Amino acid sequence: MSVEEFQPRIIGFLCNWCSYAGADMAGTSRMTYPSNVRIIRLPCSGRVNPMIIFKAFQQGADGVMVSGCHPGDCHYVDGNYYARRRLAMLEPFLEYLGIEKGRFQLEWVSASEGKKWSQVVARFTDTVKSLGPRGKI
Amino acid sequence: MPRVGVFLCHCGTNIAGVVDIPTVAEAVKQFPGVVYVDDNKFSCSEPGQAAIRQSIIDNGLDRVVISACSPRMHEITFRKAVSAAGLNPYLMEIANIREHCSWVHSDNKEAATEKAIELVKMAVAKVSLHQELFRKRISMEKKALVIGGGIAGIQAALDIANAGHQVILVEREPTIGGRMAQLDKTFPTLDCSACILSPKMVDVSQHPNIRLLTYSEVEKVQGFVGNFEVEIRQRARYVNHTTCTGCGICWQKCPEKVPGEFEEGTGQRTSVYIPFPQAVPSKPVIDTVSCRYFKYLDFIDKKMEGKKPPPCRICEKLCPPQAIDWEQKDEIIRETVGAIVVATGFKTFDHSVYGEYGGGRIPDVITSLQLERLMNASGPTLGEVVRPSDGTHPKTVVFLSCVGSRDEAKGRPYCSKICCMYMAKQALMLKEHDPGVQSYIFYIDIRAGGKDFEEFTRRAQEEFGVLYLRGRVSKIYQDDKKLMVCGEDSLIGRPVEIAADMVVLATGVEPSEGAAKVAQTLNISYDTYGFMVEAHPKLRPVETNTDGILVAGACVGPRDIPDSVAHGGAAAAKVIGLLSQDTLTTEPLTAAIDASRCTGCLLCSQICPFQAIDMVPANGKSIAVVNEGLCKGCGLCVAACRSTAPSLKGYTDAQILSEVLALCP
Amino acid sequence: MDDKITLAVREKAKELLEQKVVDCFIGYEKATDNLTSRPLFVYKPEQAERLVFDNTCVHNLSKYLLNKKDTKTAVVAKPCDARAIVVLLNENQVQREKIYIIGIVCPGVVDSRWGSAGTEPEVRCQGCPQHTPPLYDFLIGEPTDEVEQDAYTDVTAMEEMGDADREAFWKEQFQRCIRCYACRNVCPGCYCPVCFVDLKEPLWAGIRVAPGENWMWNNIRAFHLLGRCIDCNGCQRVCPVNIPLMLLNRKLKKEVAQAFAFIPGMDPKALAPLATFKKEELAEPSK
């Protein structure tokens, strides 16, 4: 890692039952992936209040990811379906505010998809890296 | 300012081999609120936990961060450790620096160390906002409700009652027994169904712990596990069951005869009746639709024109204990129960939609359940299999499989599971009844997965000469006294036509009438067909998404008797597990709604997956209130609410924001 | 000036108050500049003569219903105002039996400000897709067949800008915000007892008038109107520093319309788009 290379600051909001466990799985399987994502553990992707995402971007996060159980697999029956609607509206709105497409991402990662988690992080980190630093508003 | 202690676990070399623990420790000391930092080779080990306990006490810590493995691994362990030091167990937060850091960033120790520092920083920020949380104890009403008195419900009720708990068994029909009571023999052992079922029915009626409510339906259910408030409507029977001795004079003398439901229309019953001789309770009910006296009353009431029906009342005149009570009313029974088993069973597919099979208009095209009644020694023909049209003995019988199963066009794509086996059984039994009978079975596949099932279908073919033809039947039509069955034998690729005396349709399994309504009353989910949905198809097959509500038997999907019994027993085991506790402790990580901020807009109550939010009147508007017994702590309400009235304990907005701000100051 | 509507409003108000169908009638009267209009609360039949309706009646009167929850109240509603009432009904904020809606088949209003009646049609009226209120108890005017579709040309123009230009655009707009909350006060959808922006714990947006705080306020305000904004232009009209707030609201309106075929304020029985979902929708997350 060169000293000059831009290291984006990425926040990941993960549901406890699927994606957080999937990220654990990546760990138990010793998969390596970029270290930029900091995970905030939540019970459900449906717990993600868009206000928190606004706040993260306002505070200068370079990227924000929300990851939950695959549709149909929610531990709380329907939580991710509501999350999907809400965040599907947030994404174009953020873009409309000038926050480039790719800085916000909604993903579905199951508890068994450690591999997918590592790939999702690698891809997302790459994307955010290519978009460059954002800074605080 | 909280006094936060941070404990950095090395996890041997799992963490310390990648993350530079001394560097982390140095950085962590600077975080606001941190007054104590320690590291340990294995925090989860007994010495590790002892060190944490001791440090909490020695340093007067009131918040703890454990920087170790995933909270999914050891959150409970460390909560206990913290609790042992006299601290509220919810004043602890775990920073996952193993699964989410050292194990996945072993290629870059510097970055891993930097990340570990930030993960601890987030945990410190969050833990500072933790509040003491307490598990609530809710009382457990040591009584269970079983809905449905078929074999699954009977098994569940008996198992729960035998474990020493009170059971209320609610059955819609005038008797328990369900579908199994209608059957003649059971595959593959050919046990007489009544012989193995009746003793269980009697056990139910005589069990000191079981309160049997037949002719009853559950109308309302409120509350949550441990304390369900249930309202049951017991329909008026017009017979006083306390004084009735079940002598049978009334139903022997009643002059009104109607097709019997229990006989599937193959036989008749009277207006005052018990569905079948072994019925439990063996006391009759009066069917107000067909009873002559009720018709008479109706005629007078509605001032109808024409011939006045006779005010019969023969049963009343003949009843020795004078148990007939025309004034009886529906009774509402209120009970509190700790757990509920739903075992509402199934009904068979209505084949009238199959025009090609006569649409129900050809008398000698009967259903498999009708054949069961005809074969049954206590059935309308006393076990003689005869044609409904002319009472002659059929010699050629054709069975059609998958009528209302595996048929996308009829909206029933699923396999009903039991039909292959009962067809083999019925064909075999026909031969036993009359060696002159030749049976043909049109099948798609022979699904005989089960103990001794394959052997059984083979026996039907090899020993009893049942002929299996692979293919669908395209048409059945009446030709004088014969039924012409036209189909194709797809194995030889030729059309076949059989002149049959009787055709038996293997009608599929679907949820019983009103199953969806029961599900709605209980707020549990059901699928597009109306089958109840289990909490997990593999791992939680008898649970639902509502704690304390279990499902058993064919209300969940097509099931045979052994499966239904097993599931009834499994549901009972879950209930016994619940009822054996004096109180239940609830997870405190639930939502709470600040009434002063609630606008009463209904959004949270509309989206709560557990119907845990009630709207209650307050100050002239309605306010959302969380039922903690039902809340599972998903936080959907928190994220949905614009006025930030709900908050989720352990995951408040302030806590999540503190993590964000720790990362992006 | 449409005297016919004015006369009809007066006549209806008089009748409703005389027959005690309602206790209060909310409409418009001429403002003291004698050019523009202002809201008028009428309690006595004889006061009905003060009522007017013309193309300067820009206000959305539906918000006043929130203060009249226990009083049987009639309100004059243009189609956009009636949509707001529908949203309030959806959200259980007013009771249908307590309100009496005088729907106006709306000819459109003009961009009038104090001291100037204005001549230009207001921005919301240009290409207005709905001239007949979706809900009313009494209608003034002949119902129209609605044909026009919202083209969202304003939103599309924004979308066609580059990300950097858009970010700069909003930065420029939001930096003017003086956080007077007039937008909030006028909006029928903003009725929370405590607004997120006024919270100290957690602090979503500080009280400072600063870029970050302004950004948080304006965006979350708009996002809270997702699936709820009925396009009445109230917020933008009252903004003292002319921030084009409707560009934010309408972007979300467009997204909701496209993704869920939902237009707020059309059906009193509708479930809000965020209160429901379909399993088979939005199949690929954010790709």
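Protein chains get the first letters and strands the later ones, always in sequence-line order, with residue 1 at the start of each. Keep in mind the model is a prediction, meaning the values are calculated, not measured.
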Check whether more than 12 heavy atoms from other residues, nucleotides or ligands sit under 6.0 Å from atom CG of C/Leu66, and answer yes or no.
-> yes
Polar pairs (donor with acceptor) under 3.5 Å from chain C to chain B:
residue	atom	partner	partner atom	Å
C/Asn92	ND2	B/Gly600	O	3.1
C/Asn92	ND2	B/Ser622	OG	3.1
C/Gln93	NE2	B/Thr599	O	2.9
C/Tyr191	OH	B/Arg642	NH2	3.4

How far apart are the closest heavy atoms of C/Ala275 and B/Ile607, and which atoms are they?
-> CA-CG2, 3.5 Å
Which bit of B/Cys604 comes within less than 4.5 Å of chain C, counting heavy atoms only: side chain, backbone, both or neither?
-> neither
Pairs flagged by salt bridge (Lys or Arg N to Asp or Glu O under 4.0 Å) wherever residues 255-268 of chain C is involved - sequence neighbours left out = C/Lys251-C/Glu255
For each of B/Ala640, B/Cys601, B/Ala654, tally heavy-atom pairs with chain C at distances under 4.5 Å, and name the one with the top tally.
-> B/Cys601
Side chain / backbone / both / neither for C/Leu199 at chain B, heavy atoms under 4.5 Å = side chain
Tell me, for C/Leu271 versus chain B, whether the close heavy atoms (under 4.5 Å) come from the side chain, the backbone, both or neither.
-> side chain
